[in-house]
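As a basis for the values below, the full set of heavy atoms in this structure was taken, side chains included, without hydrogen atoms, waters or symmetry mates.
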Amino acid sequence: MSEQKSSGEIEHIDFDDNRLVAALSGEHDAHLSILEDALDVRINPRGNRFAVTGAVDARRRAIAALSSLYARLARGEAVGAGEVRAAAKLSEAPVEVHSMSPGIKTPKRLITARTPNQAAYLHALSESDLTFGVGPAGTGKTYLAVAHAVGLLLSGQVERIILSRPALEAGERIGFLPGEMREKLDPYMRPLYDALHDMMHADYVERRIAANEIEIAPIAFMRGRTLARAAVILDEAQNATPAQMKMFLTRLGEGAHMAITGDPTQTDLPSGEVSGLADALSILSGVKGVAEVRFEASDVVRHPLVARIIAAYESRGAQK
């Protein structure tokens, strides 16, 4: 990247590599269209020069997004529609947020933050022994926690990964389901397996599971244990009771890192029963060594429509 100039309501930015500029624009300028819609600007490419028209702050964000995407391409990383939408979201954040987490390299992909809250979450995971990631589905809470755990395991900072969930969803309990224990558990644990397989090759994951370096088990299996030198994740924590949550939190051993994820508004516990996640957030607020990052509908990184669906439901809830 070589030069940036401003004139009135138009700002220009120049890039050096023709091949990277073509990838930056996308087929039929599709990537530029995404940025235009997200940031309310107009982007006109002329060779290696991009003219950005719009309000001052919108131009600043568009320039920041274009610059970060170009830098990503220059590092040899892929840029698709998802990365472009992420760059638009991250352009809202102050410059220092972008340096909070450089990303996590796994055997299958480089995982980076796609929103300011995700950047703050990755930073919290790396700095705190216990981190709560709270918010709606699709915001990357569990995926990023698993990525952080994988990074710790591969770098030798922990000896194993322990992934857990309450074995209670939609009113079903595993004791009433057919099959052997693993067959009963697999449907509840599948999102955790999926995240692992997205970051590491399947045979590698299975070898680590066989060696007990990766363990996936319901929260009830944690009782009486001390989880030392491990990256520990409790997913769907809103379905844990206060007693289960206290039990799980007090398993934290020497050299361990723990992440608790969930959405307090989506509990499947019986009506009137307090969620252990909400209870823990209240009790542990302000405790040294405990970090809490809250996600919003704007952090959803699935299909863009998902964020609008969540916002619509939240709006209706606020009106009741």
(request) Side-chain contact test, heavy atoms from C-beta onward, threshold under 4.5 Å: evaluate it for P191 versus R165 and give yes or no. (result) yes

(message) Check R61 with D57, please: is the shortest side-chain N to carboxylate O separation under 4.0 Å?
(response) no

(request) Using modelled atom types only, decide if a donor and an acceptor are shared between the side chain of E215 and the backbone of N212 within a distance under 3.5 Å. (result) no

(request) Would you confirm whether R109, through its side chain, and D198, through its main-chain N or O, come within 3.5 Å as a donor-acceptor pair? (result) yes

(request) Indicate yes or no: at least one non-hydrogen side-chain atom of L90 is less than 4.5 angstrom from one of P116. (result) yes

(request) Please check if the side chain of S285 supplies one atom and the backbone of L281 the other of a donor-acceptor pair under 3.5 Å. (result) no

(request) Taking the side chain as every heavy atom from C-beta outward, state whether I219 and L234 have any atom pair closer than 4.5 Å. (result) yes

(request) Taking all heavy atoms of A195 and all of V146, pick out the closest pair and write down the distance. (result) CB-CG1, 4.0 Å

(request) Working to the nearest 0.5 Å, report the span between CG of L227 and CZ of R160. (result) 6.0 Å

(request) Using modelled atom types only, decide if a donor and an acceptor are shared between the side chain of Y121 and the backbone of K141 within a distance under 3.5 Å. (result) yes

(request) Check whether more than 12 heavy atoms from other residues, nucleotides or ligands sit under 6.0 Å from atom CZ of R223, and answer yes or no. (result) no

(request) Rounded to the nearest 0.5 Å, what's the gap from CD1 on I161 to CD1 on I233? Could you check? (result) 7.0 Å

(request) Would you please test M245 and D279 for side-chain contact (heavy atoms from CB on, under 4.5 Å) and show each step? (result) CA-CA 9 Å; M245 180 62 75; D279 188 56; over 6 Å; no

(message) What I want to find out is whether R294 reaches E296 closely enough, with some N-O distance under 4.0 Å, to be called a salt bridge.
(response) no

(message) Distance check, rounded to the nearest 0.5 Å: K108 atom NZ versus Y204 atom OH?
(response) 13.5 Å

(message) Under a 3.5 Å distance rule, please check whether T267 uses its side chain to pair with a backbone N or O of Q238 as donor and acceptor.
(response) yes

(message) Walk me through whether D16 and N48 qualify under side chain to side chain donor-acceptor pair (under 3.5 Å).
(response) CA-CA 7 Å; D16 299 326; N48 286 15; over 6 Å; no

(request) Check the pair L69 / H31 against side-chain contact (heavy atoms from CB on, under 4.5 Å), numbers first and verdict last. (result) CA-CA 10 Å; L69 290 168; H31 295 166; 5.9 Å; no

(request) For D40, look at atom CG and say whether over 12 heavy atoms of other residues, nucleotides or ligands are found less than 6.0 Å away. (result) no

(message) For P45 versus D29, what's the shortest heavy-atom pair and its separation?
(response) CG-OD2, 3.8 Å

(request) Search all heavy atoms of F295 against all heavy atoms of G133 and return the closest pair with its distance. (result) CE1-CA, 4.2 Å

(request) Would you mind reporting whether I209 and Y193 have side-chain heavy atoms less than 4.5 Å apart? (result) yes

(message) Side-chain heavy atoms nearer than 4.5 Å, only ILVMFWY residues, links allowed to pass through others: does that put L277 and V274 together?
(response) no

(message) With a 4.5 Å cut-off on side-chain heavy atoms, are M200 and I214 touching?
(response) yes

(message) Using a 3.5 Å distance criterion without hydrogens, assess whether the side chain of R229 forms a donor-acceptor pair with backbone atoms of G255.
(response) no

(request) Mind checking the CG-CZ spacing from L196 to R208? Nearest 0.5 Å is all I need. (result) 11.0 Å

(message) Using every non-hydrogen atom in the two residues, find where L152 and A231 come nearest and quote the distance to one decimal.
(response) CD1-CB, 4.2 Å

(request) Using the side chain to side chain contact (heavy atoms under 4.5 Å, CB included) rule, pick out the option among L154, V150, L144, L122 that qualifies with I104. (result) L122

(request) Give a yes or no answer on whether the side chain of D17 reaches the backbone of L20 with a donor-acceptor pair at less than 3.5 Å. (result) yes

(message) A side-chain contact here means heavy atoms from C-beta on lying under 4.5 Å apart; do E292 and L284 qualify?
(response) no

(message) With a 4.5 Å cut-off on side-chain heavy atoms, are V232 and M222 touching?
(response) no

(request) Grab the two heavy atoms, one from A237 and one from S275, that are nearest each other, plus how far apart they are. (result) O-OG, 4.3 Å

(request) State the CD-CG distance between E254 and D129, to the nearest 0.5 angstrom. (result) 11.0 Å

(message) Does any part of the side chain of T131, heavy atoms only, come nearer than 4.5 Å to the side chain of H148, both counted from C-beta?
(response) no

(request) Would you confirm whether Q118, through its side chain, and T139, through its main-chain N or O, come within 3.5 Å as a donor-acceptor pair? (result) yes

(request) Please report the shortest heavy-atom distance between N239 and L269, naming the atom on each side. (result) O-CD2, 3.4 Å

(request) Begin from the C-alpha positions of R85 and R114 and carry the test side-chain contact (heavy atoms from CB on, under 4.5 Å) through to its verdict. (result) CA-CA 8 Å; R85 284 193 289 267; R114 293 193 167 196; over 6 Å; no

(message) The test is side-chain contact (heavy atoms from CB on, under 4.5 Å); show your working for I162 and R225 and say whether it passes.
(response) CA-CA 12 Å; I162 298 173; R225 302 175 59 182; 4.2 Å; yes

(message) Tell me if a side-chain donor or acceptor on K89 pairs with a main-chain N or O of V300 at a distance below 3.5 Å.
(response) yes

(request) Scan N44, L35, I43, I63 and name whichever one has a side chain to side chain contact (heavy atoms under 4.5 Å, CB included) with F50. (result) I43

(request) With rounding to the nearest 0.5 Å, note down the distance linking NE2 in H257 to CG in L125. (result) 10.0 Å

